[in-house]
Trainee: 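Before anything else, here's the structure in question.
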Amino acid sequence: MLDKSWRPDEVEAKHYAQWEKNGDFAAGSSDNAESYCIVIPPPNVTGSLHMGHALNNTLQDILIRRKRMQGLNVLWQPGTDHAGIATQMVVERMLEEQGMHRRDLGREKFLKRVWEWKAESGGTITGQLRRLGASCDWARERFTMDEGLSRAVLKVFVALYRDGLIYKDKRLVNWDPKLHTAISDLEVVQHEVNGHLWHFKYPIEGVDKKYIIVATTRPETMLGDTAVAVNPDDPRYKDLIGKYAILPLVGRRLPIVGDEHADPEQGSGAVKITPGHDFNDFEVGRRHDLEVINIFDAEARLNDNVPEKYRGMDRFAAREQVVADLKAEGLIDKIENHVHMVPYGDRGGVPVEPWLTDQWFADAATLAKPAIEAVEQGRTRFVPENWSKTYYEWMRNIQPWCISRQLWWGHQIPAWYGPDGAVFVEETEDEARAAAKAHYGKDVELTRDPDVLDTWFSSALWPFSTLGWPDQTPELKRYYPTDVLVTGFDIIFFWVARMMMMGLHFMNAEPFHTVYIHALVRDAKGQKMSKSRGNVIDPLELVEKYGADALRFTLAALTMPGRDVRMDESRVEGYRNFGTKLWNAARFCEMNQCLPVAEFDPKSAREPLNRWVVGEVARCGAEVDRALEVYRFDEAANAIYAFTWNTFCDWYVELAKPLLSGKDKKVADETRAVAAWVMNRLLRLLHPFMPFITEELWELFGGAGVGRLINAPWPEFEEGLGDAAAEDEIGWVIGLVSGIRSARSEMNVPAAAKIPMVLIGASDENRKRLEDYRGLIAPMARLADVSTAEAGAKSPKGSIQLVHREATVALPVGDVIDIDQEKERLQKEIGRLDDEISKIEKKLGNEQFLAKAPQAVIDEQKDRRADRAARRDAVQAALAQLQAT
RNA sequence: GGGCGAUUAGCUCAGUUGGGAGAGCGUCCGGUUUACACCCGGGAGGUCGGCGGUUCGAGCCCGUCAUCGCCCACCA
């Protein structure tokens, strides 16, 4: 016997362990069955599960479990990412707590520490994914720095280098002065800052007391100025072009150049040019062949290229000093308050500095072309579709991708330098040595490039590197291209775009046919979850409290296209209750011996109630299929929820009670078989969403010798289950019971009062129905008796009539009803109906409507008019009778 | 500046070939009846952001304004 309520904690671990032990998650290895593959977005190896992961992996698991049940050759490829900067920072912070710096340890020992940390914490997140129920093929788990995946990285790097698609260049990059590394454009985030706009006066050379005014938000960079630009068409400054200004504090001569970059509308119209520390100025410098002066060191402290007094100062201290010094010299025109955007490193949390360094770049523009075409041609499809626009926008304007990082944790760049700086890019040191020997004609000392690759470089290879590439494995052949990638919009650029580029370049085929983009998970108020806001909801706490099934179902039900998921604990609670509801329905079935009957054919059911519910579950199944095919997780979840609670529990189970306890054993047996059959189908439909509770209940409803639910076939419903007649009859019963309940409540009939009912003036069909279903209706509507009377018959003295469709129901209530109150209620009802009727009349009186509306719509309106008119008359009659009493 | 999205019940949100305003939660009333109080039954509550247009008919289509959110770019 099942317990009274569902205890997730007791069974979840048990079932997961069994699934894993039985190899239920293992990829199918048959080449015959159709294959279905999802590669997991690899979480950071040292991370822990947050709500975004929970959503992302729940959706994948739903897709995967369903396809597995459908008998496809399924692989859900799991793994983790080494997460270069993030992981290195964590270990650095741990060292810091011991008063150490990574440089104290040296590269080798530091890396050893990182690997130790990985060994220590690397299992956390995969353990948490298991807790969630994720049915990944764990035996195939990969890590981006595994031997195999590292080999793929080297091969890709060398190949792209040889194709000229990777190159080394000296240009301005975003430099993170805290982490001491270059970062890509994508890793820069703009923060709004309340700052100032300083207007400086630069003296014009050879003209006493004449100045050109330039404005800046970054005074300290003036120490690196090498020109002043004005717009060539600006009449104010035209004459100054070709002349020189003198840089205060430094004394350098600055050519005044004419350049379109200077906007006459902005500031003073003249702009200081610092080619070494500003992307726009760098371009201006190129156009005018200006000197590029680097004034910062790696920590953004001023270096020896500035006057002595500023050397070694932090950039912000230097800013104050420069302003003070200029002020002292009377060279500040004015200072305005100014709100502007300042670029920050997304990891380091300090403003990044445009800095001139040697870096490796990938020619993203070239790689992007086929990736754009793949989406244009529909070989890869975004769901929801509008994300393709975002993708195009970025891909068509893509900049060179800076792929080198001045870190230690990651894939070290396979480039070796000879004594004269000649570079040898090879997959191994031996090959580099050989290449160097061929180049120099003798063995020389080589030094390896110390930089590592951007983490996203290896992630870009994930869909094929995890399947074994560069080896031609059976898995690679069977599962690439993969089917769907499930991810959040925040990494379309970082990851999706790059996988497209690399996949198309190296595999000659798009890495996935569908990219399903889901939203962000926010808190109940719609705020982004963040540690600083303190509104982070830990998915594992919710799992602890309500069970993994409840969290999963919540995430699925809240996943609507184009809208963020607002995680409200009350919803999780509600879906936990849903699990309990299902549990109790199962318990009811168990108590009534509603257990699977072998070879039972639902079409053989004779009772309309049974025929009806069979049709309803088939309809629910069709809806789940339809919704999941178009990634409408919410609609699928809601269909199951509504069927389970409203259809099955609220009506079927209740209406079945009299049948189960009735004298007709055949009917009771049929009902038992149908109830069990429905539970069986329901559990299968629900399994992808709520794998644990359904697996637990499968022991009861799976039937003899069918094994575990995870391996059960996805339900397919043949045509013609249920029928229109049964639907009609049960619909009528439900409508009648609802009507009576509503009237009882409005008439304040005590709930416990069992009263007789007379159905007056019903059609022959409905009189028959009432006869047929009185046994079902009476207990549901708490009636003592049910009978019918001819049309126009008076209801028994002291009774109340209520109107149901074409019929009038008289409820004799003795003295429990307040007659005046009831009169009032009927008056109101008449008023409502009159309003509705006049609305319809107006419509039907409109010639244009009659001329132009489709016939079906017109007929519908006529039916409504007839229905409402009949009800109005009936209520009117009831009122008249009431007044006569 | 460019793009995307939102605005419907107290709250969170559904609502597609344009034709009777919905769900969950909350609230109020009433209830232990073959499972379930993590339950059952019933009710109240909405000028569908404003204005204009198309249409016989608009929550839905078009225009416009307002407010809010996100992404990209720029901001001397």
Side-chain angles (χ1 to χ4, degrees), chain A residues 2 4-6 185 190 197-200 213-218 221 228-229 261-263 266-274 278 280-281 338-341 386-387 389-390 393-394 397 489-490 492-493 519-520 522 524-526 528 546 550 557-558 560 562-564 566 568 570-571 573-592 634-635 638 641-642 649-650 653-654 656-658 660-661 737-738 741-746 748-752 754 779-782 836 839-840 843 846-854 856-858 860-861 864 868:
Chain A
L2 294 175
K4 204 170 167 189
S5 67
W6 160 237
D185 296 347
Q190 306 287 338
L197 192 56
W198 285 272
H199 296 253
F200 296 156
I213 293 173
V214 295
T216 181
T217 54
R218 303 204 46 200
T221 63
V228 172
H261 170 63
D263 178 358
Q266 288 264 10
S268 65
V271 54
K272 64 190 265 310
I273 300 296
T274 321
D278 182 283
N280 286 318
D281 292 4
H338 184 63
V339 179
H340 62 132
M341 299 298 245
N386 58 317
W387 287 109
K389 201 161 182 171
T390 305
E393 186 66 27
W394 190 69
N397 298 300
F489 61 82
D490 49 331
I492 291 178
F493 303 148
L520 235 54
R522 299 173 176 276
K525 290 183 200 128
K528 209 167 167 171
Y546 302 105
L558 293 179
M560 279 152 302
R563 215 182 250 275
D564 288 337
R566 294 202 185 189
D568 190 338
S570 71
R571 293 295 287 261
E573 192 184 349
Y575 290 124
R576 185 271 320 266
N577 296 352
F578 172 64
T580 306
K581 187 73 181 174
L582 176 75
W583 184 260
N584 276 289
R587 196 161 163 261
F588 173 84
C589 288
E590 188 191 26
M591 287 169 71
N592 286 281
D634 58 324
E635 290 181 347
N638 288 333
Y641 183 95
C649 292
D650 288 350
V653 167
E654 293 303 327
K657 284 174 183 174
L660 289 168
S661 61
V737 170
S738 298
R741 281 171 171 175
S742 175
R744 283 181 63 122
S745 180
E746 280 183 37
N748 294 319
V749 179
K754 287 202 173 185
M780 284 290 277
R782 299 196 62 70
E836 207 178 337
K839 248 189 201 166
I840 301 168
K843 209 170 210 179
N846 186 327
E847 281 172 33
Q848 300 268 31
F849 173 70
L850 294 174
K852 297 189 180 174
V857 173
I858 296 171
E860 200 184 324
Q861 294 295 325
R864 267 183 72 206
R868 301 305 188 271

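What you see is a predicted model, and the numbers here were worked out from it, not measured in a lab. The chains referred to below are lettered A, B, ... by the order of the sequence lines, with proteins before strands, and numbering in each begins at 1.
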Trainee: If I compare all heavy atoms of A:Lys272 with all of A:Asp281, which pair ends up nearest, and what's the gap?
Mentor: O-OD2, 3.4 Å

Trainee: Identify the heavy atoms of A:Phe849 and A:Lys843 that sit nearest to each other, and give their distance.
Mentor: CD2-O, 3.3 Å

Trainee: Identify, between A:Val271 and A:Asn638, the residue whose nearest nucleotide on RNA chain B lies closer to the 5' end.
Mentor: A:Asn638

Trainee: Could you check whether A:Leu850 gets within reach of a base, just the sugar-phosphate, or nothing at all, counting any heavy atom under 4.0 Å?
Mentor: nothing

Trainee: Can you measure A:Asn386 atom CG to B:rC71 atom P for me and round it to whole angstrom units?
Mentor: 15 Å

Trainee: Using a cut-off of strictly less than 4.0 Å, decide whether A:Asn280 has a side-chain nitrogen or oxygen near OP1 or OP2 of B:rC75.
Mentor: yes

Trainee: Considering only atom P, compute the distance from B:rU67 to B:rC56 and round it to an integer number of Å.
Mentor: 35 Å

Trainee: If you find the nucleotide of RNA chain B closest to A:Ala229 and the one closest to A:Glu393, which residue's nucleotide is nearer the 5' end?
Mentor: A:Glu393

Trainee: Do the non-hydrogen side-chain atoms of A:Arg741 and A:Met780 ever get within less than 4.5 Å of each other?
Mentor: yes

Trainee: Expressed as a whole number of Å, how far does the C1' atom of B:rA9 sit from that of B:rU54?
Mentor: 30 Å

Trainee: To the nearest Å, give me how far apart CH2 (A:Trp387) and P (B:rC72) are.
Mentor: 10 Å

Trainee: Taking the P atom in each of B:rC61 and B:rA14, what is the distance between them to the nearest angstrom?
Mentor: 15 Å

Trainee: Between A:Pro779 and A:Pro658, which heavy-atom pair has the shortest distance, and what is it?
Mentor: CG-CG, 4.1 Å

Trainee: Taking the C1' atom of each, how far is B:rC60 from B:rG18, in whole Å?
Mentor: 7 Å

Trainee: Considering only heavy atoms from C-beta outward, does the side chain of A:Thr390 approach that of A:Phe489 to under 4.5 Å?
Mentor: no

Trainee: Between A:Trp583 (CH2) and B:rC39 (C1'), how many Å, whole number?
Mentor: 17 Å

Trainee: CZ of A:Phe493 versus P of B:rC72: gap in Å, rounded?
Mentor: 6 Å

Trainee: Heavy atoms only: give me the nearest A:Thr217-A:Trp198 pair and the separation to one decimal.
Mentor: O-CZ3, 3.6 Å

Trainee: In whole angstroms, how far is the C1' atom of B:rC40 from the CG atom of A:Asn577?
Mentor: 14 Å

Trainee: Rounded to the nearest Å, what distance is computed from the CG atom of residue A:Asp490 to the P atom of nucleotide B:rG5?
Mentor: 18 Å

Trainee: Using the C1' atoms only, state how far B:rC51 lies from B:rU7, rounded to an integer number of Å.
Mentor: 16 Å

Trainee: A side-chain contact here means heavy atoms from C-beta on lying under 4.5 Å apart; do A:Asp278 and A:Thr221 qualify?
Mentor: no

Trainee: Indicate for each nucleotide in nucleotides 17-35 of chain B, in 5' to 3' sequence, whether protein heavy atoms under 4.0 Å reach the base (B), only the sugar-phosphate (S), or nothing (-).
Mentor: --BB---------S---BB

Trainee: Do A:Tyr641 and A:Tyr575 have ring centroids that are under 6.0 Å from one another?
Mentor: yes

Trainee: Just call it for A:Ser268: base, sugar-phosphate, or nothing, with non-hydrogen atoms closer than 4.0 Å on any strand.
Mentor: nothing

Trainee: What does A:Asp263 touch in the nucleic acid at a heavy-atom separation under 4.0 angstrom: a base, only the sugar-phosphate, or nothing?
Mentor: base

Trainee: Any side-chain N or O of A:Lys389 less than 4.0 Å from the OP1 or OP2 oxygen of B:rC4?
Mentor: yes

Trainee: Taking B:rC4 as the reference, what is the distance to B:rA44 when you measure between their C1' atoms (whole Å, please)?
Mentor: 39 Å

Trainee: Side chain of A:Thr580 only, heavy atoms from C-beta on: which candidate in B:rG5, B:rC75, B:rC36 is closest?
Mentor: B:rC36

Trainee: Write down the distance separating the C1' atoms in B:rU8 and B:rC13, rounded off to the nearest Å.
Mentor: 9 Å

Trainee: What's the shortest heavy-atom distance between A:Asn397 and A:Glu393, and which atoms?
Mentor: ND2-O, 2.8 Å

Trainee: Measuring only the P atom in each nucleotide, how far is B:rG15 from B:rC74? A whole number of Å is fine.
Mentor: 36 Å

Trainee: Within this structure, what is the CE-to-P distance between A:Met341 and B:rC75, rounded to whole angstrom?
Mentor: 12 Å

Trainee: Taking A:Ala781's backbone N and O only, do any of them form a donor-acceptor pair with A:Arg744's side chain (distance below 3.5 Å, no angle check)?
Mentor: yes

Trainee: Looking only at heavy atoms, which two atoms of A:Ala557 and A:Asn638 are closest? And how far apart?
Mentor: CB-OD1, 4.4 Å

Trainee: Identify all stems in which RNA chain B takes part, counting only runs of at least 3 consecutive pairs (Watson-Crick or G-U wobble, each distance under 3.5 Å), and give each as one range with another, ordered by first number.
Mentor: B:1-7 with B:66-72, B:10-13 with B:22-25, B:27-31 with B:39-43, B:49-53 with B:61-65

Trainee: Which whole-number value in Å describes the distance from A:Asp568 CG to B:rC13 P?
Mentor: 10 Å

